[in-house]
Number of protein chains: 2
Amino acid sequence: MMDDIDRMLIGRLQEDATQSYAELGKAVGLSGGAAHERVRKLRERGVIRRTTIEVDQAALGRAVTAYVLVDGGAWMGGSADALAAIREVEEAHVIAGPASVLLKVRTTGTKELQDVLRRIFEVDGVTGTQTVVVLETFFERALE
Amino acid sequence: MMDDIDRMLIGRLQEDATQSYAELGKAVGLSGGAAHERVRKLRERGVIRRTTIEVDQAALGRAVTAYVLVDGGAWMGGSADALAAIREVEEAHVIAGPASVLLKVRTTGTKELQDVLRRIFEVDGVTGTQTVVVLETFFERALE
DNA sequence: GGTGAAACGCCAACCAT
DNA sequence: ATGGTTGGCGTTTCACC
């Protein structure tokens, strides 16, 4: 229900999802039709969520990346929605450890970061935040 | 050198990069050809890095996500390469704050996480690590 | 920089093997 | 899963604006 060929197909598509199925099939030792059918099933099963583009956030004006540790206990129910409503928050995870939630935030600058922190603080249950600013990103890549 | 239409095109393509340029053009009030030309230039300029697929990591067997704070000072030169060589490391950032580097790591389980931590420890300049395990991910999304 | 149309190539759907 | 075939659609290019 998920062999090496499927993994190869996923790897190839992560690198370049614009290539033809004929090309894709040749790369993994399959015909175009067979490759297409496998990819169709991977999409159907939700292993492949969607086809998308990778954007240079800096080119879009988002120069500052920061991680925000959020303290506070009431993380049932609507808190996730309240965080999702803050558009600069790219990821939100519940974590084991010192804080309750870890957020990844991208903004155009420190000014906007300050504003985002203010809005995070207004979310129900939040009692405090600790912010870690990224100075340089070595890499952000797709696994496998 | 980057207007609202470009931003709309990027937003649409992030949601679904399989749609036709005709469709894309209609959505932003342009002809298919014009939409295609704009997207071509966005790729050329590197704003759009590549077209890729979004994969359900859990379906691939990667059930555990963790953030690793790495201590140690010698972060010039080859350290980034040494970290990139660890395939389970998805992101690596130099940060301002308590530790030097923040890593995002995905593994099949805690056993493999332990092994990854051991390999991180073997990288030159690393003097210690602190690991934060993700219990639940609210969301990981594309901005804009 | 955008439009509209024409030519080409690829994808998607079949079927027999 | 393959290979051949066919129909339809999207991409790409062109002259024109």
Separation of C:dG1 atom P from B:R40 atom CZ, nearest Å, is 11 Å
Without decimals, in angstroms, what is the distance between A:L30 CG and D:dT2 P? 4 Å
Nearest-Å distance, CG (B:L24) to P (D:dT12)? 13 Å
Is there a donor-acceptor contact under 3.5 Å from the side chain of B:Q19 to the main chain of B:R12? yes
Considering only D:dA1, C:dC11, D:dG10, which nucleotide approaches the side chain of A:R38 most closely? D:dA1
Identified side chain to side chain contact (heavy atoms under 4.5 Å, CB included) counterpart of A:L69 within the set A:L103, A:L102, A:T129, A:V101: A:L102
To the nearest Å, give me how far apart CD (B:E37) and P (C:dG1) are. 8 Å
Would you say that A:L13 contacts A:L42 through its side chain, given a criterion of any heavy-atom pair below 4.5 Å between the two side chains? no
Might you work through the side chain to side chain contact (heavy atoms under 4.5 Å, CB included) test for B:E140 and B:Q57, ending with a clear yes or no? CA-CA 12 Å; B:E140 290 174 305; B:Q57 292 294 331; over 6 Å; no
When you get a sec, tell me which of C:dC11, D:dT12, C:dG2 is the closest nucleotide to the side chain of B:A34? C:dG2
With respect to the phosphate group of C:dA12, does any side-chain polar atom (N or O) of A:H36 fall under 4.0 Å of OP1 or OP2? yes
The nucleotide from D:dT11, C:dC11, C:dG1 with an atom nearest the side chain of B:K41 is C:dG1
Would you mind telling me which of C:dC10, C:dG1, D:dT11 lies closest to the side-chain atoms of B:S20? D:dT11
Go through D:dT2, D:dT12, C:dA12 for me and flag the one nearest to the A:Y21 side chain. C:dA12
Rounded off to whole Å, could you give me the NZ-to-P distance for the B:K26 and C:dG4 pair? 13 Å
